[in-house]
Colleague: 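After the structure tokens below, expect a handful of questions from me.
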Amino acid sequence: MAKNIQAIRGMNDCLPQDTPLWQHLEQVLRHTVASFGYSEIRFPIVEMTELFKRSIGEVTDIVEKEMYTFADRNGDSLTLRPEGTACCVRAGNEHGLLYNQEQRLWYLGPMFRHERPQKGRYRQFHQFGLEAFGIASSDIDAEVIILTAKLWQQLGLAPYVSLQLNSLGSNEARARYREALVAYLQQHQALLDEDSLRRMHTNPLRVLDTKNPALAEIVAGAPQLSEYLDADSAEHFSQLKRRLDAAGIAYTVNPTLVRGLDYYNKTVFEWVTTELGAQGTVCAGGRYDGLVEQLGGKATPAVGFALGMERLILLLQTLQLVSLPAATADIYIMPMGEAAELAAIAIAEQLRSELTAKRVILHCGGGNLKKQMKRADKSGAALGLILGADELARGEITLKWLREDKPQRTLTLAALPQLLAAMV
Ligand code: ATP
Ligand code: MG
């Protein structure tokens, strides 16, 4: 026997028993963002490697060790997208969507990062993301956060997630803070791990984003960015907090929240849950006013977030908040013999067109009544329709209830859709 080929580690199949929950989540997401006036954008899964290096930052986990990068046949360096914001900005610039315009956009799709696979952390995972371009004021930051809060409400997750908030300030404020932070880290060099020692000089803020619990105390004792905020960012942040208060959205200001990507400024936020162990961040985002220009466009303010679909699915499963029946058939048609098989094609088509919400399966593979009834039973259908040569000649079909103890009936083929509409 040939050896089985297995999926790549950290890249998951989504099986039919799980797709209804995914579809439910996707439907809630689409519906909610549409109600806020956001439009979908789709971009390729592969981009030039340079796009991610320039946007996410050279000294970040993603670019340093997580990207799936390969040479195209012509020698170009390409990368499977590890996130969507850079791609969205690239597409927006390329098609002139951003300059001097307001855009409310969303996307959904697979992302790729070569991480250590574990619960809630995969190498192919899916993000739903949203980006709002062209608005510099804190009202749009608030809108984006209010939208996420609405999502949790719609999904029944509101009691299980909480909002963390911080401001990264302007580039100049961060530069001043950086000096203070490096001085502090140098004093505690002996206690830092290898990554942090390296980052202390290349990208010290990243040290605050460490996943190493041994560094928690050092991080907690570090000077705080809030003490270095510029006046404009401080005002933006307090306005945002006032707006969230007005919207009744609770938050915790977390001074060590810096996010793992370089392009953020001013507002950053994360929604976290305690229900998923170490992988507790379900949604993360912030403002990135410099990115459009950094990627070759005209300066355009922007804010957005991405949420991890797998983590939300895990959360919904763990909390058992939704129970969705697996998709099953409604009507199963069993033709006996060739003449009936040929006639049944048109009958099935007619039922599918006229009973639009119903799932109609026409038995394939022949066999006697016993075999076909077995399949009908397995399909989950409520109704079986048996078409034999005699019935066909009389213009009739036999209806059998497959789940209920009701007598079988003979129906006129000519009126079949109307008769069934009243029953299923
Ligand atoms: P983490 O701190 O958990 O590594 P991150 O800061 O790298 O997350 P972002 O790049 O902000 O994550 O992505 C936004 C969201 O996408 C995360 O909050 C998380 O829900 C999800 N996500 C990120 N990486 C993965 C992954 N490898 N597998 C599953 N979901 C992920
Ligand atoms: Mg990460």
Side-chain angles (χ1 to χ4, degrees), residues 7-16 18-34 36 38-53 55-56 60-63 66-70 72 78-95 97-98 103-115 117 120-133 144 147-148 151 154-155 259-261 263 271 279 281-286 288 291 295 302-316:
I8 296 165
R9 202 163 109 80
M11 304 206 180
N12 301 314
D13 301 304
C14 185
L15 300 180
D18 295 324
T19 47
L21 187 55
W22 279 81
Q23 288 168 353
H24 166 73
L25 174 58
E26 288 163 13
Q27 200 188 346
V28 170
L29 291 167
R30 285 173 204 276
H31 180 262
T32 307
V33 292
F36 279 73
Y38 285 72
S39 310
E40 184 180 6
I41 181 167
R42 301 184 185 193
F43 28 76
I45 284 171
V46 186
E47 297 272 359
M48 302 297 285
T49 301
E50 181 61 18
L51 174 66
F52 302 113
K53 286 194 175 168
S55 54
I56 297 168
T60 56
D61 276 350
I62 296 179
V63 172
E66 297 174 357
M67 293 207 302
Y68 280 90
T69 296
F70 59 96
D72 197 358
L78 306 184
T79 294
L80 296 187
R81 62 186 190 192
E83 62 116 36
T85 302
C87 311
C88 187
V89 171
R90 197 270 309 138
N93 277 341
E94 194 164 327
H95 301 285
L97 301 181
L98 306 183
Q103 292 286 357
R104 287 173 164 84
L105 304 175
W106 66 268
Y107 60 84
L108 167 64
M111 305 293 161
F112 302 84
R113 297 184 193 178
H114 196 272
E115 305 200 63
R121 192 175 290 286
Y122 310 103
R123 290 181 173 173
Q124 173 176 313
F125 61 101
H126 296 76
Q127 282 185 341
F128 178 95
L130 174 152
E131 320 287 354
F133 295 98
V144 161
L147 184 153
T148 52
L151 285 174
Q154 305 284 328
L155 292 165
R259 309 280 302 109
L261 302 84
Y263 48 64
W271 285 95
Q279 271 56 250
T281 305
V282 291
C283 170
Y288 50 96
L291 184 60
L295 290 177
V303 56
F305 71 79
L307 57 80
M309 296 289 283
E310 281 81 0
R311 291 188 194 175
L312 282 180
I313 292 283
L314 272 173
L315 197 52
L316 291 169

Colleague: Name all residues meeting the side chain to side chain donor-acceptor pair (under 3.5 Å) criterion together with T69; count only those two or more places apart in sequence or in a different chain, and write none if there are none.
Modeller: T79

Colleague: Using a 4.5 Å cut-off on heavy atoms from C-beta on, say whether the side chain of M309 contacts that of L108.
Modeller: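 Result yes, sub-4.5 Å side-chain heavy-atom pair found.
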
Colleague: Listed by chain and number, what are the salt bridge (charged side-chain N to carboxylate O under 4.0 Å, His left out) partners of R9, not counting sequence neighbours?
Modeller: none

Colleague: Once salt bridge (charged side-chain N to carboxylate O under 4.0 Å, His left out) is applied, do any residues pair with R90, and if so which ones, sequence neighbours excluded?
Modeller: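 Partners of R90 under the salt bridge (charged side-chain N to carboxylate O under 4.0 Å, His left out) test: E47, E94.
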
Colleague: Under the salt bridge (charged side-chain N to carboxylate O under 4.0 Å, His left out) rule, collect the residues that match up with E115, sequence neighbours excluded.
Modeller: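 Once residues adjacent in sequence are excluded, the partners of E115 under the salt bridge (charged side-chain N to carboxylate O under 4.0 Å, His left out) criterion are R121.
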
Colleague: What do the steps show when you test L314 against E310 for side chain to side chain contact (heavy atoms under 4.5 Å, CB included), and what is the final call?
Modeller: CA-CA 6 Å; L314 272 173; E310 281 81 0; 5.6 Å; no

Colleague: Once you round to the nearest 0.5 Å, how far does CD of Q154 lie from CD of Q27?
Modeller: 11.0 Å

Colleague: Please list, chain by chain and in numerical order, all residues satisfying side chain to side chain donor-acceptor pair (under 3.5 Å) with H31, sequence neighbours excluded.
Modeller: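 Here no residue qualifies.
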
Colleague: Decide yes or no for L307 and L29: does some side-chain heavy atom of the first lie under 4.5 Å from some side-chain heavy atom of the second?
Modeller: yes

Colleague: Among all residues two or more places apart in sequence or in another chain, which pass the side chain to side chain contact (heavy atoms under 4.5 Å, CB included) test with D61?
Modeller: K65, E66, R199

Colleague: For I313, enumerate each residue passing the side chain to side chain contact (heavy atoms under 4.5 Å, CB included) test, keeping only those at least two apart in sequence or located in another chain.
Modeller: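 Partners of I313 by the side chain to side chain contact (heavy atoms under 4.5 Å, CB included) criterion, ordered by chain and then number, come out as L21, W22, L25, Q317.
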
Colleague: Looking at residues at least two apart in the chain, or sitting in another chain, which of them share a ring pair (Phe, Tyr, Trp, His ring centres under 6.0 Å) with F36?
Modeller: none

Colleague: Give the C-alpha distance, both sets of side-chain angles, the deciding distance and a yes or no for side chain to side chain contact (heavy atoms under 4.5 Å, CB included) between V89 and Y288.
Modeller: CA-CA 11 Å; V89 171; Y288 50 96; 4.0 Å; yes

Colleague: Taking only residues two or more places apart in sequence, or in another chain, which ones meet A86 in a side chain to side chain contact (heavy atoms under 4.5 Å, CB included)?
Modeller: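 For A86 the side chain to side chain contact (heavy atoms under 4.5 Å, CB included) partners, ignoring immediate neighbours, are L51, F52, S55, E83.
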
Colleague: Sequence neighbours left out, what pairs pass salt bridge (charged side-chain N to carboxylate O under 4.0 Å, His left out) with at least one residue falling in residues 19-33?
Modeller: R30-E40

Colleague: Look up atom CZ in F125 and atom CE in M11, then write down how far apart they are to the nearest 0.5 Å.
Modeller: 10.5 Å

Colleague: Partners of M48 by side chain to side chain contact (heavy atoms under 4.5 Å, CB included), sequence neighbours excluded?
Modeller: D76, L78

Colleague: For the side chain of R311 and the backbone of V282, is there at least one donor-acceptor N/O pair under 3.5 Å apart?
Modeller: no

Colleague: Assess the residue pair F112 and I45 against the criterion (side chain to side chain contact (heavy atoms under 4.5 Å, CB included)); give the C-alpha distance rounded to whole Å, side-chain angles, the decisive distance to 0.1 Å, and a yes or no.
Modeller: CA-CA 9 Å; F112 302 84; I45 284 171; 3.5 Å; yes

Colleague: For Y38, which residues count as a side chain to side chain donor-acceptor pair (under 3.5 Å) partner, sequence neighbours excluded?
Modeller: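 Expected list: E143.
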
Colleague: Do the side chains of R123 and Y68 get nearer than 4.5 Å, heavy atoms only?
Modeller: yes

